[in-house]
Amino acid sequence: MIIPGAETQAFAAALSEAADEPLGRVEYERFPDGEHVVRVPEAVAGERAVVVASTVDSDAHLQVLQLQDAAREAGANEVVTVLPYMGYARQDEAFREGEPVSSRAMARAISTGTDRVVTVNPHEPAVCDFFTVPATNVDAASVLAAPLPADLDEPLFLSPDEGAIELAETVRDAYGTGATDFFEKDRDYDSGDIDISPSDAAVAGRDVVLVDDIIATGSTMSESVAVLNDRDAERVYVTCVHPMLASNALTKLSSAGVESVYGTDTLERVVSDVSAAPVVAREL
Ligand code: R5P
């Protein structure tokens, strides 16, 4: 039985269909003091419970722990936890003195209530090692090819930094034609400012598809789009697995002149045009 977190209901429904497993109707409530309580269906007794929740904020983190515990309490014989978007995955080391390895802290907490974990394109796949139960990453980048127009002209699939080049290659392979390249990116950790150094790729007159794992503030992508505009790229499409789109990210991208933004439904946003659920279903 699929047990959705409150912020991940559309993904859970898609997963239920793709995996052909029943969708449990969970109740989410809060006590007057603000504390959460969830209720899972009794029918999970004797079944495998698949808790599906993107840990998009602190409440969602807490809810995962409650859903796992409620499923066990109701008699589930196995608990699998799917994190379509794993929050804090980018804090995978103590970048400055005194900081935590947040992804390790989260992974350890989540491990206490589950037999197994499945994540989708965490920023660093190595975060899986922080779980103390078996954990696997699935790569959903291939689904990002589907919403792209069929008539891309000499397409270049470009990642804003070298770390995401494999994602760009995956989208190119799924699209069926095109070249790949990557930019160099530097981020000033004090100001958050992004500096993009272009590669030598010839982009004038070509359609370009930017590919990344996540769009958070939109700075990386909008700076990349600005470079492409300076170099007379034709149409620029922006794709990512996790469309976090914090604050004014979508406005930044629109004003930078992108043709369209496409993301998956690991985070439920207006640009979540394509589902990563079938990829997760195969892993389940
Ligand atoms: C970092 O290297 C990631 O792959 C993304 O490029 C980054 O997190 C995007 O962040 P933002 O949208 O805030 O620039």
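Counting starts at 1 for both ligands and their atoms, in listed order.
- Proximity of a side-chain donor or acceptor of T55 to a complementary backbone N or O of G87 within less than 3.5 Å is detected.
- The neighbour count for E93 CD, taken as heavy atoms of other residues, nucleotides or ligands under 6.0 Å away, is above 12.
- Residues meeting the side chain to side chain donor-acceptor pair (under 3.5 Å) test with H61, sequence neighbours left out: none.
- Listed by chain and residue number, the protein contacts of ligand 1 are R90, H123, D161, K185, R187, D212, D213, I214, I215, A216, T217, G218, S219, T220 (heavy atom within 4.0 angstrom).
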Enumerate donor-acceptor pairs with a distance under 3.5 Å from any side-chain N or O in residues 9-17 to protein atoms, sequence neighbours excluded.
residue, atom, partner, partner atom, Å
Q9, NE2, A6, O, 2.9
S16, OG, E21, O, 2.7

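- Within the structure, side-chain hydrogen bond (donor to acceptor under 3.5 Å, both in side chains) contacts touching residues 63-72 (residues at least two apart or in different chains) are Q68-T81, R72-D115.
- No hydrogens or angles considered: nothing links the side chains of H242 and N121 as a donor-acceptor pair under 3.5 Å.
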